[in-house]
Amino acid sequence: MAKSLQLINKVNQSFELKCLRLLIQSFGSAIEENLLTLEWEEESISAHIVKHLRNFKSGFIINYEVPLVEEDVYSAKKRVKNSNRIDIFFQKNQWNQKEYLEYHVEAKNISSSEWKKSTGTKVNASQQQTEYITKGIERFLIGHFKNKNGCLLGYVVNGKLDEILLKINSKIELNKSKSEIISFKDEVIDNHKIYQSCHSQRNVKHLFFDYTDLIIKRLDQINLI
């Protein structure tokens with residue numbers, strides 16, 4: 001039994017590595033396309049990422065806004081349209097074609113400070129930081145992703161990642177524990193840092209895409225013309 005569990009963990013870890021690598025590649029591909037702006041909502045960015053993910057010949061099923069498999073839905077206790085959803089979903093057939101490997105990615109827009117979109121809409125950075133914890137981390141600990149293999153993906157749309165992490169970690173320390181803050185654990189995939197937060201229930205991985213650098217580079221290119 002111990003060997004079987006060890007094998008399962010090894011297979012899941014290998015699949016996770018492939019999914020994270022694909023996500024990072026999709027970020028590079030999206031930057032090259034040069035279409036996305038900082039004003040996009042998280043759902044639009046995730047759909048954009050999935051579009052690029054599907055361009056890679058991974059052999060995986062990749063989708064966005066996927067309803068989670070829930071017993072309440074199967075038994076009609078909950079309507080399908082009210083089911084919980086995951087932002088980005090990876091799936092791969094296992095050896096016997098009856099079992100699947102799955103990886104769930106919950107994405108959030110995050111900002112360092114309050115800013116205003118061109119439409120005049122204000123973006124509440126503090127609320128984004130709080131929701132990264134309550135609607136991100138907590139969902140992997142006690143919410144509907146608690147038994148799911150997956151990670152959190154933060155889209156940096158304002159400020160610097162270090163500043164944002166400092167503010168998110170301050171909220172974690174205030175409401176949870178200093179031992180549960182997000183930190184870099186020396187894991188790097190394709191020159192991209194993978195962060196982690198450690199909790200009594202499980203450890204949660206965090207991947208961040210900094211789109212502010214993308215926009216700055218685009219403005220620099222315009223200024224050079």
Side-chain angles (χ1 to χ4, degrees), residues 1-32 42 45-70 84-108 132 136-156 161 165 179-210:
M1 179 67 91
K3 285 186 177 179
S4 297
L5 183 59
Q6 191 176 35
L7 177 61
I8 290 170
N9 289 336
K10 189 174 181 180
V11 170
N12 282 330
Q13 287 170 6
S14 175
F15 183 57
E16 177 179 58
L17 178 60
K18 291 175 183 176
C19 292
L20 291 172
R21 183 160 283 139
L22 282 170
L23 282 167
I24 292 166
Q25 290 173 354
S26 72
F27 175 58
S29 178
I31 287 176
E32 288 179 7
E42 170 265 304
I45 299 178
S46 294
H48 190 65
I49 286 292
V50 168
K51 170 198 159 187
H52 286 273
L53 283 167
R54 288 173 175 170
N55 289 335
F56 303 120
K57 298 186 183 299
S58 64
F60 300 165
I61 295 171
I62 304 173
N63 225 321
Y64 63 95
E65 287 293 313
V66 176
L68 293 175
V69 175
E70 298 175 291
N84 295 307
R85 295 171 181 268
I86 190 70
D87 294 316
I88 301 176
F89 175 74
F90 294 84
Q91 187 182 73
K92 181 181 183 296
N93 282 74
Q94 269 292 55
W95 308 284
N96 60 11
Q97 302 299 309
K98 293 181 180 179
E99 296 179 3
Y100 298 91
L101 290 172
E102 295 181 345
Y103 198 72
H104 304 77
V105 181
E106 178 72 358
K108 299 291 177 193
Y132 187 88
I137 295 174
E138 289 296 328
R139 286 180 176 174
F140 278 100
L141 301 182
I142 58 175
H144 39 272
F145 308 140
K146 65 181 179 181
N147 297 318
K148 306 294 185 183
N149 191 27
C151 73
L152 273 163
L153 174 57
Y155 302 135
V156 179
L161 177 58
L165 285 178
S179 64
E180 298 182 71
I181 64 172
I182 303 165
S183 59
F184 174 52
K185 301 292 185 181
D186 296 323
E187 183 178 2
V188 178
I189 300 175
D190 295 342
N191 297 317
H192 216 98
K193 290 181 177 179
I194 307 299
Y195 292 77
Q196 189 170 263
S197 54
C198 302
H199 315 272
S200 58
Q201 299 93 333
R202 64 184 294 184
N203 294 344
V204 179
K205 288 194 174 181
H206 305 258
L207 178 61
F208 298 100
F209 290 165
D210 191 345

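Index from 1, following the sequence.
We find the CD1-CD1 distance between Ile137 and Ile142 to be 11.5 Å, quoted to the nearest 0.5 Å.
Within the 4.5 Å cutoff, the side chain of Leu53 has no heavy atoms near those of the Gln25 side chain. In this structure, the side chains of Tyr103 and Cys151 come closer than 4.5 Å at one or more pairs of heavy atoms. Between Leu23 and Ile88 the shortest side-chain heavy-atom distance falls below 4.5 Å. Using a 4.5 Å cut-off on side-chain heavy atoms (C-beta onward), Leu165 and Tyr195 make contact. Counting heavy atoms from C-beta outward, Ile86 and Val105 have side chains that stay 4.5 Å or more apart. Arg202 has its side chain within reach of Leu141: a pair of non-hydrogen atoms, C-beta onward, lies under 4.5 Å apart. Residues Leu153 and Asp87 have side chains not in contact (no heavy-atom distance under 4.5 Å, counting atoms from C-beta outward). At least one side-chain heavy atom of Lys18 sits under 4.5 Å from a side-chain heavy atom of Phe60.
Applying the side chain to side chain donor-acceptor pair (under 3.5 Å) criterion to Gln91, with sequence neighbours excluded, gives Glu102.
Side-chain N or O atoms of His104 include one that pairs as donor or acceptor with a backbone N or O of Asn149 at under 3.5 Å. The backbone N or O of Glu65 lies less than 3.5 Å from a partner atom in the side chain of Arg85, making a donor-acceptor pair. A donor-acceptor pair under 3.5 Å links the side-chain atoms of Ser46 to the main chain of Glu42, judged by distance alone. Checking side-chain atoms of Arg21 against main-chain N and O of Ile189 turns up no donor-acceptor pair under 3.5 Å. No donor-acceptor distance shorter than 3.5 angstrom exists from the side chain of Asn84 to the backbone of His144, with no hydrogens or angles considered.
Checked against a 6.0 Å centroid threshold, the rings of His192 and Phe209 count as neighbours. Ring to ring, Phe90 and Phe15 are not that close: their centroids are 6.0 angstrom or more apart.
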Next on the checklist: Checking His206 against Tyr132 for the ring-ring contact (aromatic ring centres under 6.0 Å, His included) test, could you report, in this order, the C-alpha distance in whole Å, the side-chain angles of both residues, the deciding distance, and whether it holds?
Outcome noted: CA-CA 11 Å; His206 305 258; Tyr132 187 88; 5.7 Å; yes
Checklist entry - Please walk me through it: do Glu106 and Arg139 pass side-chain contact (heavy atoms from CB on, under 4.5 Å)? => result CA-CA 9 Å; Glu106 178 72 358; Arg139 286 180 176 174; 3.0 Å; yes
